[in-house]
Amino acid sequence: MDDERIIGLYFERDEQAIAETSQKYSSLCGRIAMNILADKSDAEEVLGDTWLRVWKSIPPERPKCLAAYLTVIVRNLSLDKFRRRNAGKRPDTLAAASDEAAELIPDTVSIEEQTERRVVIEAVNRFLGTLPKKKRVLFVRRYFYLDSIEEIAGSLGVSESYVTVTLMRIRKKLRTQLAKEELI
Amino acid sequence: MNEQGIAVLSLFSELDERYIAEAQEEKLTLRHRRIFKAPFIAAAAAAILALSSVGAVAYVKGWIGHKENVEHQYFYNKALIPELEKRAGEPLEFENEHLRITVDAIISDAVYVEASATIEGLDKQGKKFVEDGITLKNELDGLTTDEVFGVLGRRNSFVPFMTAPGRDGEIKMANSGSDGMFGKKGESSESAFTIGIKRDLFPDCETLELTCIEPIHAGIDDWTPGIFEGIVLEIPMKRNFDTLVLDDKSGREVYLSEVCFYQSKSDIWGGKAFDLTVYSKDGSEQNIRDHIVVGEYLFDLENVDHIVFNGRTFYPKELISADREETE
């Protein structure tokens with residue numbers, strides 16, 4: 001079922017919307033949740049929370065891109081759950097990605113306040129807009145979808161070292177740009 | 001736990017949803033394709049022959065990418081090409097949105113690695129970049145000598161400068177020359193060049209990563225910033241030709257491979273004097289003077305009895321075999 005029809009079901013308050021969403025996007029959302037949580041039961045719990053969150057938010061929201069809308073929700077919920085966990089396996093992928101991401105904004109800079117977040121994320125989005133699509137996809141796969149270097153390299157048919165080097169360069173450029181805009 | 005890192009990743013939940021969707025849907029077109037592995041060729045050929053009608057002939061592409069370009073590079077020894085076709089490995093492609101560099105064939109012994117490569121322009125900027133580095137012979141016809149030198153003098157080079165991680169940090173690679181009068185312009189903009197690598201600089205390296213850098217980092221004006229951005233060549237360093245180590249019984253070693261002679265592992269081409277005679281077990285001898293380039297000769301190492309180089313006699317000490325792969 002196409003996304004427009006699924007969204008239509010939400011607006012009609014037809015619970016079939018959840019079934020259709022789950023059928024179409026469980027795999028994608030599950031992958032993101034597992035990348036962060038590395039625990040099947042936690043990931044399943046987050047998926048359930050995701051469908052509920054979407055049910056409650058559409059309407060009034062009418063996402064232009066349902067896939068993007070869902071992935072943002074599942075990602076946020078997964079990261080929230082990760083933070084709340086006192087113990088548990090720390091996925092290597094998340095550990096590595098978080099170490100890399102920390103290079104971008106030093107911990108002396110706060111990104112907790114909504115205003116600060118908005119300004120920084122707008123700058124990041126502007127920066128991403130200047131990148132060739134290929135590099136932008138690489139960045140988003142790593143730092144939004146939290147795919148491992150191995151997964152990215154394997155699915156795109158490039159070497160792991162190519163992915164690592166390219167990401168390093170993008171981070172360096174982004175950091176330079178954020179410094180230029182006096183955001184860090 | 002890297003709290004700041006998690007905070008930044010959390011922030012990225014607010015990335016532009018166009019980019020989120022794009023990453024999910026699109027596959028990068030940066031390719032690192034492995035083309036025509038030998039067992040695959042054999043199987044494909046067998047399949048084609050099995051299905052073909054009586055009298056039909058199956059044609060199977062050889063291993064070398066851009067064969068015409070490799071033949072041009074090694075024009076001085078036609079016998080080299082069939083040997084390369086047997087052992088050159090698979091052409092490898094590396095590209096960004098502007099350019100594609102294909103490593104068409106690799107000659108690799110225990111001392112030196114030489115890759116023959118083709119560069120192609122993919123978009124308007126890339127095509128112009130490649131074409132600016134070529135002056136075809138027919139473009140020079142009718143020009144005076146001064147005009148020819150003027151044209152060639154202004155010509156930019158399309159050969160990238162490359163860095164590789166060596167023992168002491170990054171090392172700038174000096175590629176060997178290209179023939180600036182060879183190539184294609186127009187719908188298909190391409191030319192060829194070679195990359196030379198001394199193994200001594202990269203001991204125990206299985207795959208050498210050569211990152212293309214902008215000319216300004218080599219002290220040259222940057223006429224096309226970013227043209228090579230993101231291109232990292234990966235050169236397999238497996239040996240595909242045997243090398244004979246010879247010594248003069250006083251400890252000095254020289255190296256004779258199936259495709260070249262080297263005076264040492266570090267100073268491989270040595271000084272200007274060059275007088276080499278290879279004496280074979282069957283009584284024949286071969287004398288080479290002035291210089292030698294990779295692939296200029298094919299030496300039968302099993303038949304080598306001794307050599308005399310610049311007046312000194314060297315005897316076989318050890319054979320370093322090529323890394324051979326099993327093929328069907």
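It should be emphasised that the depicted structure is a prediction, and the values quoted were computed from it without experimental measurement.
- Closest non-hydrogen pair, B:Tyr19 versus A:Gly129, comes out as OH-CA, 3.2 Å.
- For NZ of A:Lys24, the number of neighbouring non-hydrogen atoms (other residues, nucleotides, ligands) closer than 6.0 Å is greater than 12.
- Heavy-atom neighbours of A:Glu150 CD from other residues, nucleotides or ligands within 6.0 Å: at or below the threshold of 12.
- Contacts between A:Ile73 and chain B at a heavy-atom distance below 4.5 Å are absent for every atom of the residue.
- Between A:Arg169 and B:Glu229 there is no salt bridge, since no side-chain N of the basic residue sits under 4.0 Å from a carboxylate O of the acidic one.
- For B:Lys265, the NZ atom is loosely surrounded, since the number of other residues' heavy atoms within 6.0 Å does not exceed 12.
- Residues B:Phe12 and A:Ile121 meet the side-chain proximity criterion, which asks for heavy atoms closer than 4.5 Å.
- Remark: A:Arg13 CZ is packed, more than 12 non-hydrogen atoms of other residues, nucleotides or ligands lying under 6.0 Å away.
- Within a 6.0 Å radius of CD in B:Glu68, other residues, nucleotides and ligands contribute 12 heavy atoms or fewer.
- In this structure, A:Arg53 places its CZ atom where only 12 or fewer heavy-atom neighbours from other residues, nucleotides or ligands lie under 6.0 Å away.
- The distance from atom OG of B:Ser13 to atom CG of A:Asn76, rounded to the nearest 0.5 Å, is 3.5 Å.
- Put simply, the side chain of B:Asp16 does not reach to within 4.5 Å of the side chain of A:Leu128, judged on heavy atoms.
- The shortest non-hydrogen separation linking B:Ala23 to A:Val140 is CB-CG1, 3.6 Å.
- Atom CZ of A:Phe144 is separated from atom CG of B:Leu15 by 7.0 Å, given to the nearest 0.5 angstrom.
- Atom CG of residue B:Leu9 and atom CD1 of residue A:Ile36 lie 8.0 Å apart, to the nearest 0.5 angstrom.
- Shown here for A:Ala68 and B:Ala21, the closest heavy-atom pair between the two residues is CB-N, 4.5 Å.
- Summarising the local packing, CD of A:Glu15 is surrounded by 12 or fewer heavy atoms from other residues, nucleotides or ligands at distances under 6.0 Å.
- How far CD of B:Gln24 is from CG of A:Leu28: 4.5 Å, rounded to the nearest 0.5 Å.
- One finds the NZ atom of A:Lys133 at 11.0 Å from the CD atom of B:Glu97 (value rounded to the nearest 0.5 Å).
- Atoms CZ and CD, on A:Arg117 and B:Glu14 in that order, are 4.5 Å from each other to the nearest 0.5 Å.
- Between B:Glu22 and A:Arg136 there is a salt bridge, with a side-chain nitrogen of the basic residue lying less than 4.0 Å from a carboxylate oxygen of the acidic one.
- The closest side-chain heavy-atom distance from A:Pro132 to B:His98 is not below 4.5 Å.
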